[in-house]
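These numbers come from the heavy atoms of this one structure, side chains and all, not from hydrogens, waters or symmetry mates. Remember, it's a predicted structure, so these values are computed and weren't measured experimentally. Start at 1 and go down the list; that is how both ligands and their atoms are numbered.
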Amino acid sequence: MATMESLIVTVNRIQRACTVLGDHGGDTNLPTLWEALPSVVVVGGQSSGKSSVLESIVGRDFLPRGSGIVTRRPLVLQLHKTERGLQEYGEFLHLPKKKFTDFSMVRKEIQDETDRMTGKSKQISPVPIHLSIYSPNVVNLTLIDLPGLTKVAVEGQPESIVQDIEIMVRSYVEKPNCIILAITPANQDIATSDAMKLSREVDPTGERTFGVLTKLDLMDKGTNAIDVLEGRAYPLQHPWVGIVNRSQADIKKNVDMIASRRKEREFFASSPDYGHLASKMGSEYLAKVLSKHLESVIRARLPGITSLINKSIEELEAELSHLGRSVAVDAGAQLYTILELCRAFDRIFKEHLDGGRPGGDRIYGVFDHQLPAALRKLPFDRHLSLQNIRKVVSEADGYQPHLIAPEQGYRRLIDGALNYFRGPAEASVDAVHFLLKELVRRSIAETQVRSL
Ligand SMILES: Nc1nc2c(ncn2[C@@H]2O[C@H](COP(=O)(O)OP(=O)(O)OP(=O)(O)O)[C@@H](O)[C@H]2O)c(=O)[nH]1
């Protein structure tokens with residue numbers, strides 16, 4: 001039986017395999033495993049504090065910063081807890097074996113990899129970037145960071161980006177396996193929070209939504225968010241978690257994460273409003289709660305995931321066996337395979353025509369039944385009636401007396417008769433052509449099945 005920790009690690013590996021195989025949900029003809037995997041998705045409006053929460057959970061500065069829409073591709077962030085004393089590093093799925101120990105280079109690589117997919121056009125792309133972080137200071141957890149919900153495009157970004165982001169975010173949060181981390185700043189009216197509006201829509205019972213209130217330190221003096229944090233104002237099934245991230249000034253002053261986490265702990269411990277909730281607040285607590293919840297969701301979904309994988313294996317194996325044995329790689333062997341196929345096709349096609357397999361008899365039927373029946377319907381009685389022959393013959397030679405036989409007249413009679421033949425003859429050719437094409441199709445199908 002897998003331990004709790006290895007469950008998340010296993011799902012991480014499956015997620016990476018999905019990305020390599022081009023499965024990131026959405027419209028696809030193949031069964032999508034990606035959509036069946038539970039994941040924590042970070043959702044929030046612009047500047048709500050998403051990046052700060054993620055960095056705080058990781059304990060490192062590594063996300064791109066800037067104005068406008070910075071996150072333009074989903075970032076699948078897989079956190080792996082390592083043993084105490086080991087060096088922290090990041091590793092991207094698209095750059096395997098390259099260990100990033102300098103986290104400012106991680107930030108740069110996220111930016112560069114985003115641009116590689118979207119160009120400098122500032123468009124968004126649904127193809128995720130996978131980043132694994134190995135550190136003794138994290139819990140095993142997978143989080144997906146998405147572009148912030150926004151109302152307006154900034155310069156250089158197409159107007160459609162506002163809708164495109166909403167569609168992308170929705171495509172994640174709609175999935176029943178998605179755990180929504182809804183980030184809302186406390187210094188804003190929660191009723192207008194983009195994250196809460198969206199999560200209420202897709203998860204009305206609040207079963208899979210974790211509400212996170214950031215910027216508690218920025219609330220107006222004399223106000224607090226205790227009604228929300230104690231679950232009275234906006235009740236969810238899981239308790240709300242309050243967070244205090246670094247302010248812009250702290251970031252400018254290069255306040256590091258360790259100091260920032262300590263400051264956050266102190267804020268809650270010394271707060272007259274939140275002191276009684278201190279043990280259930282803060283980014284470290286949030287990471288632990290999420291990790292535990294993710295593990296329990298994975299455990300519950302495990303039978304479903306296993307049966308989906310088994311079903312996919314069966315379907316793909318059936319398709320593989322239908323496609324036949326693998327094609328040889330070197331030119332000589334490929335030529336041999338092609339000749340072998342041609343010979344097999346030739347034999348099967350001949351059997352269809354000459355007998356042994358059905359089909360050839362239908363061609364015979366065209367000449368034996370269809371053509372004679374059509375000929376019988378031709379108006380030869382009228383064409384070769386004595387009256388018509390007399391008329392054609394006398395008209396044909398004009399004033400010239402015919403010496404032996406009325407040659408011109410006969411010619412006209414024969415030409416006319418041949419014209420009548422043309423229709424049924426062409427119909428017979430078409431019918432035979434159609435039958436032959438059908439036999440070719442059948443022979444190809446039988447060649448594939450028989451000889452491969
Ligand atoms: N004082 C204070 N400032 C915060 C807090 N959380 C975030 N900020 C500041 O708010 C600003 C926006 O935070 P980000 O974490 O970049 O927000 P975001 O949601 O990732 O923003 P976008 O990536 O632009 O969508 C930054 O200047 C942060 O320093 C907080 O809890 N307290």
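Between His293 and Phe210, the ring planes are perpendicular. Angles over 60° get that label, and only those under 30° would be called parallel. Ring planes of Phe349 and Phe345: parallel class, angle under 30° (limits at 30 and 60°). Under the 30°/60° scheme for interplanar angles, the aromatic rings of Phe103 and Phe62 are found to stand perpendicular.
Comparing Gln248, Arg246, Gln46 against atom 8 (N) of ligand 1, the shortest heavy-atom distance belongs to Arg246. Nearest to atom 16 (O) of ligand 1 by heavy atom, out of Ser51, Ser48, Ala249, is Ser51. With distances taken over non-hydrogen atoms, the option nearest atom 3 (N) of ligand 1 out of Pro64, Gly242, Ser247 is Ser247.
Taking 4.0 Å as the cut-off, Pro185 does not count as a neighbour of ligand 1 on heavy-atom distance. By the 4.0 Å heavy-atom criterion, Thr71 is excluded from the residues contacting ligand 1. Contact analysis leaves Gly44 out of contact with ligand 1, as no non-hydrogen atom separation drops below 4.0 angstrom.
Near Ile251, meaning under 4.0 Å from one of its heavy atoms, ligand 1 places the atoms 29 (O). Near Asp217, meaning under 4.0 Å from any of its heavy atoms, are these atoms of ligand 1: 1 (N), 2 (C), 30 (C), 31 (O), 32 (N). Numbered from 1 in the order shown, with element, the atoms of ligand 1 that lie under 4.0 Å from a heavy atom of Ser47 read 12 (C), 17 (O), 18 (P), 19 (O), 21 (O), 22 (P), 24 (O), 25 (O). Taking a cut-off of under 4.0 Å to the non-hydrogen atoms of Gly45, the atoms of ligand 1 that pass are 19 (O). Of all atoms in ligand 1, numbered sequentially from 1 with element shown, those under 4.0 Å from a heavy atom of Val244 are 31 (O).
Annotation: cation-pi pair Lys280/Tyr285 absent, no NZ/CZ under 6.0 Å from the ring centroid and within 45° of its normal.
Here Val53 has no heavy atoms under 4.0 Å from ligand 1, in either its backbone or its side chain. Of the heavy atoms in Leu218, only side-chain atoms (C-beta onward) come closer than 4.0 Å to ligand 1. Contacts between Ile183 and ligand 1 below 4.0 angstrom, taking non-hydrogen atoms only, are absent altogether.
Heavy-atom minimum distance, Ile57 versus Ala287: CG2-CB, 3.7 Å.
The one candidate from Arg73, Lys108, Arg107 that meets the salt bridge (charged side-chain N to carboxylate O under 4.0 Å, His left out) condition with Glu113 is Arg73.
Here the CG-NZ distance, from Leu54 to Lys50, works out to 8.5 Å after rounding to the nearest 0.5 Å. Between atom CZ of residue Phe92 and atom CG of residue Leu131 there is a gap of 4.5 Å, rounded to the nearest 0.5 Å.
Look at Glu88 and Arg60 and you find a salt bridge, because one of the NZ, NE, NH1 or NH2 atoms lies within 4.0 Å of a carboxylate O, short of that distance. Residues Glu166 and Arg170 are paired through a salt bridge, judged by an N-O separation under 4.0 Å between the basic side chain and the carboxylate.
At least one N/O-N/O distance between Gly49 and ligand 1 falls below 3.5 Å. At least one N or O atom of Lys50, backbone or side chain, sits closer than 3.5 Å to an N or O atom of ligand 1.
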